[in-house]
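First the structure, in the form of structure tokens, and then the observations on it.
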Amino acid sequence: MPPFGSGLLVLTAPLGALPRRAAAALAAAAGVVAGPLYVHLQPGLRLAAPAPRPAAPPACPALLRALAALYAAAAAQQGLDLRVLLGPGPRLARPPRVLLATAAEAPGPPGPVQLGLQHLAAAAYGCPPRLPALLLGGPEEDPEEDPEEDSDAALPDFSDVAVGGTFDRLHGAHRLLLSACCLLARQRLLAGVADGDLLRHKVLTELIEPYELRVAKLREFLEDVKPSLRYDIVPLADPYGPSVTDPDLQCLVVSEETHRGGEAVNKKRLENGLPKLALYEILLMKDPDHSQNEEEKISSSSLRQRLLGTLLRPPRQDPTLPSRPYVIGLTGGTGSGKTAIAKLLGHLGAFLIDADKLGHAVYVPSGPAYEQVVAAFGAEILNEDGTINRKVLGAKVFGNQERLKSLTDIVWPEMARMVKEQIGEADAQGKAVCVLDAAVLLEAGWQDMVHEVWTAIIPEEEAVKRIMARDGLSEEAARSRLQSQMTNSQRVEQSQVVLCTLWEPDVTRKQVEKAWDLLQQRLSQERSL
């Protein structure tokens with residue numbers, strides 16, 4: 001873990017040189033700073049000069065190119081929270097704990113440069129005067145090689161600027177888009193944040209951060225980057241929001257992807273008797289590390305896909321649970337692909353407990369729940385041979401919560417007892433990991449028997465198609481079955497690990513292998529404590 005929780009990196013190179021230097025500078029800084037890394041750009045500043053005065057970088061195309069390079073380079077540093085500052089402010093949200101400059105940015109004796117860093121940070125951002133100041137290693141650059149900057153060019157400016165998006169897990173492309181907004185706006189930035197129905201068709205919508213959290217992160221970033229602006233952050237329940245009714249707006253910042261949406265906004269504005277907005281387009285940022293099922297651009301959906309198989313929240317700490325075998329509770333709705341995931345885990349070495357099979361066992365004439373079920377629901381649920389007809393029984397309880405609870409109150413405790421017996425069998429066989437494959441894991445409260453809950457999810461439309469194809473049901477019947485179950489979001493909220501079988505089987509296999517490998521690392525760490 002890097003030693004400092006936050007830092008301020010001062011870069012004084014010409015803006016035209018930053019695209020070439022960004023990757024090395026951020027890689028060096030990422031080794032020192034764990035949390036937010038603030039970057040102060042001030043081309044030509046001499047850090048070793050007495051009391052260097054801070055100034056905002058010029059709002060020009062070269063600055064946008066430098067920002068694009070910095071945020072793209074930050075994407076290569078896992079989880080680096082980069083915030084390039086576009087104007088000094090009284091205080092940063094997470095005050096820096098260390099001041100940094102690269103050797104290429106700060107030639108000369110280290111003492112005066114470090115003192116200059118301290119003076120600059122105190123004057124611009126109210127930092128304590130004696131913060132640690134470090135010079136990072138890096139190759140010296142020949143200033144004569146730096147490209148000419150289009151110093152006469154300037155970005156357009158507008159009093160009020162608008163932008164919209166989901167802004168889930170602020171990534172480099174978001175930060176570039178928002179920084180462009182800050183450069184273009186003189187007074188106010190109106191930011192619309194998608195919520196409600198606008199999220200329904202997003203990839204892995206269950207993993208999108210809550211609206212309040214997205215807004216809090218967005219506001220913190222914006223107020224750090226340019227504190228002189230006024231920020232109005234509003235929920236978007238439709239694609240337009242206030243952009244089609246606010247008469248003070250002058251510009252809408254879009255990407256290549258959303259340009260057509262900007263044109264639709266202008267059409268609505270004309271219908272509402274308002275002037276068109278200037279559309280300022282930002283180029284998409286390419287993601288060099290995208291996999292076969294991810295978008296080529298840096299995107300929130302790709303980041304959410306990379307969460308699949310990882311630990312989203314800490315495992316349960318329950319001293320009553322034995323440490324061995326380590327029990328995974330695997331759940332998911334109908335059509336989610338849960339059974340396929342269980343088989344993959346079995347191939348990797350897990351001991352499998354199939355709760356559905358145990359459910360069948362409790363209903364047989366010699367089973368532990370047979371007599372209680374017949375007594376509660378009558379002989380009409382029996383076949384001629386005396387076995388329970390589960391379809392008839394299901395019809396009796398379907399849609400009737402009181403009858404369903406009567407049944408589960410009989411069946412689930414017996415199944416739980418059988419599960420515990422199976423866990424004991426796994427221990428007897430020397431198995432380190434046991435997987436309880438149970439659709440009703442959370443409904444039955446069986447998470448108390450497991451160390452971690454793993455959930456398989458699938459979009460509703462895909463689940464409906466699978467149920468119709470597998471069970472020969474109508475679309476209406478398939479949807480009714482899904483709606484009678486716990487939702488994906490409800491399951492995800494209670495899960496440590498989430499998996500998704502939407503894509504090709506090979507993608508699912510890689511997810512499961514990642515989840516298994518990370519589990520083995522956790523178990524190894526526990527054993528070493």
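Every value quoted in this text rests on a predicted model; they were computed, and no experiment measured them.
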> Thinking salt bridges, do R491 and E443 make one under a 4.0 Å N-O criterion?
Replying inline: yes
> CG of L213 to CZ of R169: how many Å apart, nearest 0.5 Å?
Replying inline: 8.5 Å
> Looking at L330, V327, I353, which one forms a side-chain contact (heavy atoms from CB on, under 4.5 Å) with V435?
Replying inline: L330
> Where do Q490 and Q494 land on the side-chain hydrogen bond (donor to acceptor under 3.5 Å, both in side chains) test, with the steps shown first?
Replying inline: CA-CA 7 Å; Q490 289 171 326; Q494 302 180 64; over 6 Å; no
> Under 4.0 Å between a Lys/Arg side-chain N and an Asp/Glu carboxylate O for D168 and K202?
Replying inline: no
> Is it true that E462 and R466 have a side-chain N and a carboxylate O under 4.0 angstrom from each other?
Replying inline: yes
> Is R83 salt-bridged to E220, going by a charged N under 4.0 Å from an acidic O?
Replying inline: yes
>> Is any side-chain heavy atom of L134 closer than 4.5 Å to one of F4?
In response: yes
> Looking only at heavy atoms, which two atoms of D448 and D318 are closest? And how far apart?
Replying inline: O-OD2, 4.2 Å
> Mind checking whether V39 and L11 have side chains closer than 4.5 Å, heavy atoms only?
Replying inline: yes
> Considering residues, nucleotides and ligands other than E380, do more than 12 of their heavy atoms fall under 6.0 Å from its CD?
Replying inline: yes
> So does K514 pair up with D517, basic N to acidic O under 4.0 Å?
Replying inline: no
>> My understanding is that only one of V362, V374, V364 makes a side-chain contact (heavy atoms from CB on, under 4.5 Å) with I388; could you say which?
In response: V374
> Side chains of T334 and Q485: is there a donor and an acceptor less than 3.5 Å apart?
Replying inline: yes
> Can you name the closest pair of heavy atoms from P413 and T408 and give their distance?
Replying inline: CD-O, 3.5 Å
> Can you tell if the side chain of S179 reaches within under 4.5 Å of the side chain of F221, non-hydrogen atoms only?
Replying inline: yes
>> I need the minimum non-hydrogen distance between Q511 and L499, along with the two atoms involved.
In response: OE1-CA, 3.5 Å
> Cut-off 3.5 Å, side chains only: do T487 and S489 have a donor facing an acceptor?
Replying inline: no
> Parallel, tilted or perpendicular: which fits the ring planes of H174 and F167, with parallel below 30° and perpendicular above 60°?
Replying inline: tilted
> What do you reckon, is CZ of R390 surrounded by more than 12 foreign heavy atoms closer than 6.0 Å?
Replying inline: yes
> Side-chain contact, heavy-atom cut-off 4.5 Å: L204 with C500?
Replying inline: yes
>> Under 4.0 Å between a side-chain nitrogen and a carboxylate oxygen: does that hold for E414 and R417?
In response: yes
> How long is the span from the CZ atom in R175 to the CG atom in L82, to the nearest 0.5 Å?
Replying inline: 7.0 Å
> Got a salt bridge between K343 and D437, using NZ or NE/NH1/NH2 to carboxylate O under 4.0 Å?
Replying inline: no
